[in-house]
Protein chains: 2
Amino acid sequence: MTSETHPNAVAETAPVGFQEHDHQTCVKTALVSAEGRCKEEGLRLTPVRRKVLEMLLQEHRALGAYAILDRLRDEGFGSQPPVAYRALDFLVQNGFVHKIERLNAFVACSHPGASHSPAFMICRKCDAVAEAQSASAKGVLGAAARAAGFEIERTVVEAEGLCPDCTEKA
Amino acid sequence: MTSETHPNAVAETAPVGFQEHDHQTCVKTALVSAEGRCKEEGLRLTPVRRKVLEMLLQEHRALGAYAILDRLRDEGFGSQPPVAYRALDFLVQNGFVHKIERLNAFVACSHPGASHSPAFMICRKCDAVAEAQSASAKGVLGAAARAAGFEIERTVVEAEGLCPDCTEKA
DNA sequence: CTTGTCATGTTATTTCATATCATGTATTGC
DNA sequence: GCAATACATGATATGAAATAACATGACAAG
Ligand SMILES: [Zn+2]
Ligand SMILES: [Zn+2]
Ligand SMILES: [Zn+2]
Ligand SMILES: [Zn+2]
């Protein structure tokens, strides 16, 4: 709602997926922040849910539901698909995690808190995923939608290509 | 390459999915045009492939691979998954059909011929799908990608919501 | 304590997609 | 024409993603 039509809106929040950073701190603060928000809003960040979020934060890339499930099993949680899918549903529903449709996989949100419609850059070689703000829903596509009388509720914006690292190596 | 940065690029080609039109003619001309392009480019629009394209043009909405397969069986073609997937691969590869990632389903291209990165509006109620030009890859997301050093090769842009018809009824 | 709500466990099934190998059918070069 | 080749299809099996349905458990409100 803030800077939707501004063409440089996206520059305000650089993607973090491809950048060096203190990852342990990054994970830790994201978890703490998630706990805080859940407390505030009366959401229940149960052990499974917390574990799944932690895994996704730790990985910093997209994981399939069954990869998550494997890790859950290793940690002593349930090992049937619904266990993973239910935790993921909760996390997606509440904006802690996004689903990458192109990969049928899930990634932790990089801009938690604020409600946003994310856009992703997906490296086809190393599976790294970076999240940016899309804004395209309100902008370009939004114009087409209004013209057609279509009411947008949610958008999927995913770019596939090569990340900086993989581009260099090639 | 023509109008990538122009914010109204999308307005040039209105979506056809939600509009009344002479559907039989629409299907027929699209098929003829596809045949023409295949001849030109030495592509082989075999019976299965042609049939699948015809089905998708006829439906004018997204169909899953197995729905397509059912219809193929009814028409006397093979009935195993690879039959449908191979035909779809060919059609997608050559731009006659697009995959809707959100639905794991396929839809005939509405702007065939020109190479383009499509954007879709998907009605969550009636499954209607309209195709518009995205341009967002080169525009908004493109800026973020360049900033991050990410090289975009392909984009998925899909908006989910309510089509005009379904909005009216609600 | 009991009732209602939400979360989890568990089994089974459905839906989507691909690997692999065998067979057929067009072109192309000879 | 005929063999060689490439491409397309048929057919079997399997893998991967997602959900349906029902049972059990935790916990808080009344
Ligand atoms: Zn996000
Ligand atoms: Zn990469
Ligand atoms: Zn198209
Ligand atoms: Zn509709």
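Here is how names work: the chains are called A, B, and so on, in the same order as the sequence lines, proteins then strands, and each is numbered from 1.
- Ring planes of A:Y66 and A:Y85: perpendicular class, angle over 60° (limits at 30 and 60°).
- Computed from coordinates, the A:L91 CG to C:dT8 C1' distance equals 15 Å when rounded to whole Å.
- Look at CG on A:L103: it is 15 Å from C1' on C:dC16, rounded to the nearest Å.
- Between A:L103 and A:A62, the shortest heavy-atom distance links the atoms CD1-CB, 4.0 Å.
- The listed nucleotides are D:dA8, D:dA11, C:dT8; the one nearest the side chain of B:R49 is D:dA8.
- Around CD of B:E151, the count of heavy atoms belonging to other residues, nucleotides or ligands within 6.0 Å does not exceed 12.
- Atom P of nucleotide C:dA19 and atom CD of B:Q80 are separated by 17 Å, given to the nearest angstrom.
- Comparing C:dA17, C:dT18, D:dA18 by their nearest atom to the side chain of B:P82 picks out C:dT18.
- For A:G64 and B:P47, each mapped to the nucleotide of DNA chain D holding its nearest heavy atom, the one lying further toward the 5' end belongs to B:P47.
- Comparing C:dT10, D:dA18, C:dA19 by their closest approach to the side chain of A:V83 singles out C:dT10.
- Residue A:K99 has no polar side-chain atom (N or O) positioned under 4.0 Å from OP1 or OP2 of D:dA17.
- Of the two residues contacting DNA chain D, namely B:P81 and B:L43, the nearest-nucleotide position lying further toward the 5' end is that of B:L43.
- Relative to the ring axis of A:F90, A:R44 does not place its NZ or CZ within 45° and under 6.0 Å from the centre.
- For A:Y66, counting side-chain heavy atoms from C-beta on, the closest listed nucleotide (D:dA8, D:dG10, D:dA18) is D:dA18.
- Counting distance only, with no hydrogens placed and no angle test, the side-chain atoms of A:Y85 and the base atoms of D:dA20 include no donor-acceptor pair under 3.5 Å.
- Summarising the geometry, the separation between CD on B:E101 and C1' on C:dT15 is reported as 16 Å, rounded to the nearest angstrom.
- Note on B:S79: every side-chain N or O is 4.0 Å or more away from OP1 and OP2 of D:dA11.
- We find that CG of B:L45 is positioned 15 Å from P of C:dA26, with the value rounded to whole Å.
- If you measure from atom CZ of B:R73 to atom P of D:dA11, you get 12 Å, rounded to the nearest angstrom.
- In the model, B:E131 has a side-chain atom that pairs as donor or acceptor with a side-chain atom of B:H98 under 3.5 Å.
- When distances run from any side-chain atom of B:R86 to the nucleotides C:dT11, C:dA19, C:dT20, the shortest one goes to C:dT20.
- Nearest-nucleotide positions on DNA chain C place B:N104 closer to the 5' end than the other of B:N104 and B:R44.
- Rounded to whole angstrom, the span from the CD atom of A:E75 across to the P atom of C:dT8 amounts to 15 Å.
- Note: CG (A:D70) to C1' (D:dG15) measures 14 Å, nearest angstrom.
- Phosphate proximity of D:dT9 to B:K51: absent, as no side-chain N or O sits under 4.0 Å from OP1 or OP2.
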